[in-house]
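Just follow the structure's listing: the first ligand is 1, and inside any ligand the first atom is 1.
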Amino acid sequence: MPNDTTPSIADALDKVRNRIALAAHAANRDPADITLVAVSKTKPVALVRDALDHGQRDFGENYLQDALAKIDALTEREPLWHFIGDIQSNKTRDIASNFSWAHAIDRFKIARRLSDQRPEGYAPLNLCIQVNIDGEASKSGIAPSDVAELADQIVELEHVKLRGLMTIPAPSTDEASQRKPFAALRELMQRLNDRGHDLDTLSMGMSADLEAAIAEGATHVRVGTDIFGARDA
Ligand SMILES: *Cc1c(COP(=O)(O)O)cnc(C)c1O
């Protein structure tokens, strides 16, 4: 039995959905245009099942072995799995066969392997390029000046679809500074589209900054802690 000191996944999801709706309305956006990716990394399959029971469909994972066990256990529920972590070459086959999205693409070699290894008959794997939008603050992702070249290469691949950009900015507490890197990612995607790309996805915003991300156009927010609770370090 849940007790009142441990909020249920259903309550936590309702709170996060409410935050998304409020932020969307404040930005004159339709909340339906924002996908909540529930980041279940390190969390047990039972909690993912609770979230599925409460209408959650999209889940984010970073650790492949941990993810594959949950994916196997939940196949008949048909969740949509997003791989949101860095990808090494030896992981591409399993990611290409088990996920719908990969959010943290930072080199062509990985995108090419994912395309080559996408199983016959599957829809293209949706990809986002991870951008190190605020320079030295984070070590993950590529420099904004390198994004156009990688995007031009990825769109030539047959079994992946380049959907947009992803970023994890340095943490900050006030909304004005949170918004700056998100605005920069939005502007970068706009420049790519002005050059002929057809990108529709900004994967940005987590538990602590989803409002700022939505204000700047996030289409996918990746929320872990505020749904499933704190993770062990
Ligand atoms: C863990 C993780 C998240 C979720 O972060 P929270 O602060 O727990 O909401 C989002 N995106 C990525 C890439 C992550 O690794």
Side-chain angles (χ1 to χ4, degrees), residues 6-7 9 11-20 22-23 34-45 47-48 50-51 54 56-68 70-71 79-88 91 95 99-107 110-111 114 125-134 137-142 147 163-175 177-179 181-182 185 201-233:
T6 347
I9 296 296
D11 288 344
L13 264 175
D14 284 343
K15 282 202 184 104
V16 170
R17 287 173 182 155
N18 197 44
R19 285 171 61 192
I20 291 170
L22 285 171
I34 299 155
T35 299
L36 171 59
V37 179
V39 177
S40 47
K41 62 183 177 199
T42 80
K43 297 295 181 180
V45 68
L47 295 189
V48 180
D50 285 352
H54 202 59
Q56 180 61 30
R57 287 260 81 77
D58 292 82
F59 293 90
E61 290 280 343
N62 298 44
Y63 308 111
L64 185 61
Q65 295 315 316
D66 176 42
L68 291 176
K70 290 178 234 182
I71 292 171
L80 268 179
W81 294 101
H82 300 245
F83 197 83
I84 62 173
D86 292 337
I87 302 179
Q88 281 100 45
K91 306 275 166 64
I95 291 168
F99 286 80
S100 299
W101 287 75
H103 287 238
I105 301 302
D106 61 2
R107 51 202 202 278
I110 296 297
L114 290 169
L125 180 67
N126 295 297
L127 301 186
C128 294
I129 295 173
Q130 184 175 3
V131 185
N132 184 356
I133 200 73
D134 49 12
S138 139
K139 280 173 244 98
S140 292
I142 64 172
V147 171
R163 294 294 299 272
L165 306 178
M166 180 273 223
T167 197
I168 311 173
S172 60
T173 47
D174 67 293
E175 191 165 330
S177 19
Q178 287 176 349
R179 281 178 66 158
F182 296 141
L185 198 73
T201 299
L202 288 168
S203 171
M204 58 190 198
M206 318 200 298
S207 293
D209 55 13
L210 68 88
E211 284 85 358
I214 289 169
E216 294 297 347
T219 62
H220 290 66
V221 293
R222 309 175 312 270
V223 179
T225 307
D226 284 358
I227 297 172
F228 295 111
R231 293 174 295 271
D232 296 335

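- In this structure, the side chains of L64 and F83 come closer than 4.5 Å at one or more pairs of heavy atoms.
- Here I168 has side-chain heavy atoms under 4.0 Å from ligand 1, and that is the only part of it that gets that close.
- The nearest protein atom to atom 11 (N) of ligand 1, hydrogens excluded, is given as R222 NE, 2.9 Å; this is a heavy-atom distance.
- Set against the non-hydrogen atoms of N62, the atoms of ligand 1 under 4.0 Å away are 14 (C), 15 (O).
- Summarising the geometry, atom OG belonging to S140 is positioned 4.5 Å from atom CG belonging to D86; distances are rounded to the nearest 0.5 Å.
- The closest approach between a heavy atom of I84 and any atom of ligand 1 is below 4.0 Å.
- A perpendicular orientation is assigned to the rings of H103 and H220, their planes being inclined by more than 60° (bins at 30° and 60°).
- Closest to atom 5 (O) of ligand 1 by heavy atom, among M206, M204, H103, is M206.
- Using a 4.5 Å heavy-atom threshold, the side chains of Q130 and I168 count as touching.
- Protein heavy atom at the shortest distance from atom 8 (O) of ligand 1 is T225 OG1, 2.5 Å.
- Looking only at heavy atoms of the protein, atom 14 (C) of ligand 1 is closest to K41 NZ, 3.0 Å.
- Side-chain atoms of R19 come within 3.5 Å of backbone N or O of S207 as a donor-acceptor pair.
- Every atom of ligand 1 is numbered from 1 in the order shown, and the set under 4.0 Å from a heavy atom of V223 is 9 (O).
- The G224 neighbourhood of ligand 1 comprises atoms 4 (C), 6 (P), 8 (O), 9 (O), with distances under 4.0 Å to a heavy atom of that residue.
- Protein heavy atom at the shortest distance from atom 9 (O) of ligand 1 is S207 OG, 2.5 Å.
- Among the candidates K41, R222, K70, the single residue satisfying the salt bridge (charged side-chain N to carboxylate O under 4.0 Å, His left out) test with E61 is K70.
- A donor-acceptor contact shorter than 3.5 Å is absent between the side chain of D58 and the backbone of T35.
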